[in-house]
Asks: 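Let me begin by handing over the structure; questions about it come next.
Labels below follow one simple rule: chain letters A, B, ... track the order of the sequence lines, proteins then strands, and each chain is numbered from 1.
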Amino acid sequence: MRRGLVTSLIQALAVLIAMAIAPSAALADDRVTLADGTVVEGEIVREVGGAVWIKRTVGGIEQTTFYGPKDITSIERDSGAPAPSDPVKASDERQDRAARSGVPRACVLTMEGTVGIQMAAKPLEEAIPVLEADGIDVVVLRVHSGGGLLLEIQHIQDVIHEEYKKRFRVVAWIDYAISAAAMSSHVMEEIVFYPQGAYGACTGWFGALQAVEGRELEEVLAQMEEASARGQHDFKIMRSMQIEEPLTATIDADGVVHWYNSEEGDYTVNSKGHILTFDSEQAMKFKFAKGIASNIEEMQEVLGYPELEWVGDEVSGVPYPVCRAERDQRKWRDDVTEAEERLTEYYAKYAISIANAQGEQDERIRGQLVGRAKRELAQIERACKEHPNLQLLNGIPDFWFEEQHRLLRELMRR
Amino acid sequence: MRKMRWVGRTIAGLTLALGLVAMSAPEARAFGTSMVVEGDQLILKDGRIVEGELIEETETSIRFLVKVGSISAEQTYAKSDVLAIERGDEAGDEPKTDAAAPKTSDPSRPATGGDGPVVYVMELSGVFQTDITVQSIEKMVADAKKYRPDYLVLVMDNRWEIFGQELPEDVGFFDSLFYTEEIEPILTTEIPKDWGYTPEYIVWVKNAMGGLCFLPLNFKTIYFHSKGRLGGVGDLIHMFGSTGDERVREKQFSLRLGVARGMAIHGGYDPRLAMALAREDFVLSYRMNRGVPELLERMPEGPGELLLTDNGAGENGDTIDVLARGQGNDTLTLKADNALDLRVSKGTVDTLTDLLREEGLARDATVIEENSRRIIESWSDSVVRAQRSLFDLIRDFSEIQVQGDYSERTRARGLQIRKLEQVMSIMNRFEGVSWPFEPGAPYVPQFVPPQQQLEIMIEQIRQEQLRDKR
C-alpha cells in the first residue's frame, strides 16, 4: 500500500528535525580506517572474522554499516582494547555451532517471484530466528524477480534494514532485480552481481502502460531517496532508474565516483529519455557493485573471506547449499503460488456450488452442495488470510466472507 | 489498485523443483576419471564417522558420497569440521581437486570407441519453443551426460517462421528472449552442477533468429556457418506501439535489454551488440584498431569505419529493396563476416568436420552426432501427436451424450471427466510449448481451454452427477 501523504510528511519532517539536532559525529569514537584512506567514526557494534559493523549517524539517520576484512586497513577502538574475535550476542546454540566450525557461517536466501506475492517481507522476517539458531553470520540475498507491487517495497526494505543488517552481514546477489525487486534491494550497501545480472527499470505504472505521475510519483521518488541513504547509494542513480533523467558520472583521481542527473559527467550511464538498468559491467565500473560472482566460491572471494562455511544441504538443481531458512522461503513461494493460481478456480467452484445449491429442492443434496461450497470458501479464506496481498489484489473485502457464511447458513435452513 | 507489473518470466518453478541430490548413486558418483575412491571414512571433529566415497577435496571443503546401506547421498563438509580422512581400497589415488572435465578412459562412460576426447553434438533445430524447448533440451542433456563429453557442440539452427511462413530478417520477436532465459541455465548452470564438471562449449551458428539469438552470446566459443545469421529481435521499440506513456515503454525496453546485455556479458561480448540487435534507434559502427574491433556509438566518420546499424529514422530507414535482399541496417543481424570482424565468431565453417578441425579435435575425437537429432525429431513427433490427441480428446468430450438411465448417465459423465483429465495431463507435459500451426487444422490454444477452466468444467460435471437422481 502506498505510503499516505500524512505519513510521508511526518517522516520527512522527522528526518529534517533529526538532521537539525543530531550530531554529525558518530555515536562513539571507534575509528575504522578503510583501504581507500577513508576514516569512518562510530561505534563498532559487531565484529566477525575481521569484518566490522559500525553504527553511526549520517544526515540524521542512524545506520549500521558493514566493512569486510579487505576494506579495512586499521581499527582504533575508543576503549583501546583489542578487537574481540566475535563479540556477537547470540544464542548458546548459535555460539556452539559457530565455535565448532571456527569460520564465519554463510547462507543463501532467495528472493524470487512477484514482489508482494512470492517475494515478500513476511517470510524474510520469519527466517530471522532460524538464521540465528543456525549461527549464520553472512546472509546472501539472491534476487531474481521482475518486480511486483509497490505496496510491498517498504516492508521488505524495513525488514532488511532494521532487522537483517543489525544481525548479519547482508549482501544482495543480483541475478535479475527489476523494478520493485531492485527498489526492495536498494537498502543493501553490498551488492554483488551475477555476470548476467540486471538491476533497475524502476518506473511505476498501472493499467495500459500508464506512468505513475504527480504527487504519487514524488512520494515514490522520496521513498527511494530514503532507501538510497539507507543503502549508501547516491539517490541520483535510482532516480534515473525511475524517470527518464540522464545519469552521467565522473571518476576522480582517487577513484571516487561523482554522479549527475545531467550531462556534465565524463561518462554517460543513462541517456536522457531512457530508463536505467545496470548491467554487471556498468555496476562494477561505477562502483555500484562490490563484485561479480557466478557461484558461492566467487562470492566468498568477493566478500574477502579466506574461509566461509556455507550452511545447508545439497539439493539437486540448486547451485548452492539450501539452509533451513531457505527451505522455508521456497515453501512460502510454493504455497503462495498455488494460492495465487488457484484462487480464481476456488471462487468459480464456490460460485457453481452456490448456484446449484440455490436451485436444489432435495434437502440432502442441497446439504452436500453447501458442504462443497463451504470447502471452497474455506480455501479462499485460508489463501486470503495467509497471503493478504492476494485478497487485496482480487478486491475481496472482509465483509464478503461474513456475507457468504450467512448465505450458506440460509441455504441450509431452507 | 496500482501495481508495478511483473514482466520477466520467473524461473521459480524450475528452481523450486527440489529433490535430494544423488539418491541414485551411480550418477552421483560419476565425476569422471578413476579418482573416485571406494570405502572411505570421514572422521569429524564432533566424533562422528561418515562412511562412503571421497569425491572431491578442495582447500576448504570435502565432497563426500555418504553411504548408508543401499542408499547414498552427496554431502559437502567444511574441512574445518573434519579431523581425518581414512582412505579405503584405493588409498593411493588422489581425489579430484577441481571440476575439470573427464579426459579419456573414463570407466563410467559408455564405450565410445576411442581414447580421444568425446564430443557431443547437440543440434537445436526446428522451430524455437516448438521443437527447441526446455523439455527437448533436457532430454538431450540427459543423453549427453551418459557419455561424459569433454566438448558440447551446440548447433543453433532454428527455422525462422511463424505459422509455417518463413520470415524475413527484419521481422523481430524479441520477447522469446524470455524462453531463452529458461533454457540458458539448463546449459550453463545445471550441467556443471549435475555432471560435476564443465564441458567445453562450442556454438555453431547456422540460424539463431528471434529470442534464440541471445543463447549463443552466453558462450565464449562461437563459429558461424557461411550463411549463418544471428538476429531477428529488432522489434523492441515497436512492440508496444503507442500504447501508454513513453516513460513506461522505456522501462519495458530497459528491463528487456537488461537481460539481453547480461547474456552478452556472460559470454564475454560487448553488451552494446545486444543493444544494436534489438533497438532500432541505437547507432553502432566499428573500426579495426591493431586488429581489434573498436565499437563506436555513432555513424562512421572516416573510411576505416564501418556502419553496423543506423538509427532507422528518416532517410536512414531501410528501403524495401534493401530489406528484400536481407541487407537492412536499421537493426543489426550478425552474419559470418561481421561476426568474424567483431570477434564474436572465431571462424567460419560449413561442416562439423571443419569445426572440429578448427578446434584441434578432428583426429582422435569420438563424436556423438546423431543422438540429439533423434531426440529432437522424436520430441517434435510427440508434439504433433499430442496436438492430434488433444483435438481427438476435445472432440470426443463434446460428442459424449449424457442421456439414458442413471447408470448410463453416470458412465457418460465419468467418461467426460476422464477425457478432460487426459487433456490436462497432456497440457502439463507440454507446458510452455508453442503449438505448431497447420493450415486448415485446429490450433490448440483456440480449442483447448486453459487448465483452470478444465478444473472448473470437471467440478461442474461432478456437481451435475451429484444432483442427478436415479
Side-chain angles (χ1 to χ4, degrees), chain A residues 100-103 112-115 118 144 146-150 176 178-180 195-198 200-201 203-206 208-212 243-244 273-277 279-281 307 309 314-319 321 330 333-334 337 344-345 348-349 352-353 356 360 365 368-369 392-393, chain B residues 1-22 45-46 60 73-76 78 80-81 189-190 192-194 218 240 243-255 257-259 261-263 265-266 271 452 455-456 459-460 463 466-467 469:
Chain A
R100 192 184 303 157
S101 169
V103 294
E112 295 178 356
T114 306
V115 175
Q118 287 85 8
H144 185 104
L149 309 180
L150 188 58
Y176 186 57
I178 296 299
S179 198
Q196 72 275 21
T203 306
W205 64 287
F206 61 97
L209 303 185
Q210 303 295 306
V212 170
I243 54 178
E244 317 98 302
H274 289 189
I275 296 292
L276 174 63
T277 296
D279 59 40
S280 60
E281 284 187 357
E307 271 196 283
E309 185 179 346
E314 294 233 2
V315 170
S316 177
V318 182
R330 287 161 181 264
R333 289 199 298 267
D334 277 346
T337 300
T344 311
E345 178 195 321
K349 287 181 176 177
I352 291 169
S353 303
N356 285 333
E360 183 58 55
I365 295 172
Q368 287 178 323
L369 291 166
L392 205 60
L393 279 173
Chain B
M1 171 63 53
R2 292 185 172 189
K3 61 178 187 172
M4 309 283 243
R5 286 288 172 87
W6 176 50
V7 175
R9 276 279 294 113
T10 175
I11 62 163
L14 266 181
T15 53
L16 288 172
L18 299 184
L20 282 176
V21 82
K45 286 180 179 171
D46 64 5
T60 57
E74 191 181 311
Q75 292 281 332
T76 300
S80 51
D81 285 341
T189 307
E190 291 178 24
K193 175 75 182 167
D194 187 39
N218 285 277
F240 299 106
T243 304
D245 296 325
E246 184 67 31
R247 180 186 302 158
V248 184
R249 292 198 296 271
E250 278 297 334
K251 170 211 174 87
Q252 298 295 337
F253 307 153
S254 178
L255 68 91
L257 282 169
V259 178
R261 291 203 319 258
M263 287 190 179
I265 291 170
H266 194 202
Q452 261 184 2
E455 294 268 10
I456 292 163
E459 177 65 14
Q460 180 72 344
Q463 292 201 16
L466 189 67
R467 300 183 69 195
K469 297 180 180 62

Asks: Can you confirm whether A/T203 sits close enough to B/E250 that some side-chain heavy atom of one is under 4.5 Å from a side-chain heavy atom of the other?
Replies: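 Heavy-atom side-chain distance check fails, nothing below 4.5 Å.
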Asks: Report the option among B/S254, B/P271, B/P192 that has the most heavy-atom pairs separated by less than 4.5 Å from atoms of chain A.
Replies: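 Counting heavy-atom pairs under 4.5 Å, the top option is B/S254.
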Asks: With a 4.5 Å limit on heavy-atom distance, are the side chains of B/V259 and A/Y176 in contact?
Replies: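 In contact.
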Asks: Report the distance from atom CZ of B/R467 to atom CD of A/Q368, rounding to the nearest 0.5 Å.
Replies: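 Rounded to the nearest 0.5 Å, the CZ-CD separation comes out at 12.0 Å.
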Asks: Nearest 0.5 Å please: distance from the CD atom of B/Q252 over to the CD1 atom of A/I178.
Replies: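 Atom-to-atom, B/Q252:CD and A/I178:CD1 are 10.0 Å apart.
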Asks: Name the option with the most non-hydrogen atom pairs under 4.5 Å to chain A; the candidates are B/H266, B/M263, B/R261, B/K469.
Replies: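 Winner by heavy-atom pair count: B/R261.
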Asks: For the NE2 atom of A/H274 and the CG atom of B/L257, what is their distance to the nearest 0.5 Å?
Replies: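 Going from NE2 on A/H274 over to CG on B/L257, the span is 9.5 Å.
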Asks: Looking only at heavy atoms and a cut-off of under 4.5 Å, which of B/I456, B/D245, B/T189 has the most pairs with chain A?
Replies: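 The option with the most such pairs is B/D245.
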Asks: Is it the backbone or the side chain of A/I243 that comes under 4.5 Å from a heavy atom of chain B, or both, or neither?
Replies: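 Both the backbone and the side chain of A/I243 come within 4.5 Å of chain B.
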Asks: Over all heavy atoms of both residues, which pair between B/L255 and A/T277 is shortest? Give the atoms and the distance, please.
Replies: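 Taking every non-hydrogen atom into account, N-OG1, 3.9 Å.
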Asks: So A/E314 and B/K193, do their side chains get closer than 4.5 Å, heavy atoms only?
Replies: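 Result yes, sub-4.5 Å side-chain heavy-atom pair found.
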Asks: Working to the nearest 0.5 Å, report the span between CD of B/E459 and NZ of A/K349.
Replies: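 Going from the CD atom of B/E459 to the NZ atom of A/K349 covers 5.0 Å.
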Asks: With sequence neighbours excluded, tell me which residues meet salt bridge (charged side-chain N to carboxylate O under 4.0 Å, His left out) with A/E281.
Replies: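 For A/E281, no residue satisfies salt bridge (charged side-chain N to carboxylate O under 4.0 Å, His left out) once neighbours in sequence are set aside.
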Asks: With rounding to the nearest 0.5 Å, note down the distance linking CD in B/E246 to CD1 in A/I275.
Replies: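 Result: 9.5 Å between the selected atoms.
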Asks: Using the test side chain to side chain contact (heavy atoms under 4.5 Å, CB included), find all partners of B/Q460 that sit at least two apart in sequence or belong to another chain.
Replies: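 B/Q460 satisfies side chain to side chain contact (heavy atoms under 4.5 Å, CB included) with A/I352, A/N356, B/E464 once adjacent residues are dropped.
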Asks: Heavy-atom distance under 4.5 Å to chain A: side chain of B/F253, backbone, both or neither?
Replies: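 Contact with chain A: none, neither part.
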Asks: For A/G204 and B/V248, work out which heavy atoms get closest and say how close.
Replies: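 Looking at all heavy atoms of both residues, the shortest contact is O-CG2, 4.5 Å.
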Asks: Name the member of A/P321, A/G273, A/G197, A/G200 that forms the most heavy-atom pairs with chain B at distances under 4.5 Å.
Replies: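 Looking at each of A/P321, A/G273, A/G197, A/G200 in turn, A/G273 comes out on top.
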Asks: At a heavy-atom separation under 4.5 Å, does B/T243 approach chain A through its side chain, its backbone, both, or neither?
Replies: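 Interface part for B/T243: both.
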Asks: Measure across B/Q463 and A/S353 and return the closest heavy-atom pair with its distance rounded to 0.1 Å.
Replies: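 Scanning both residues completely, I find the closest heavy atoms to be NE2-OG, 2.6 Å.
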Asks: Measure the spacing between CZ of B/R247 and CD of A/E244 and express it to the nearest 0.5 Å.
Replies: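 Between B/R247 CZ and A/E244 CD, I get 4.5 Å after rounding to 0.5 Å.
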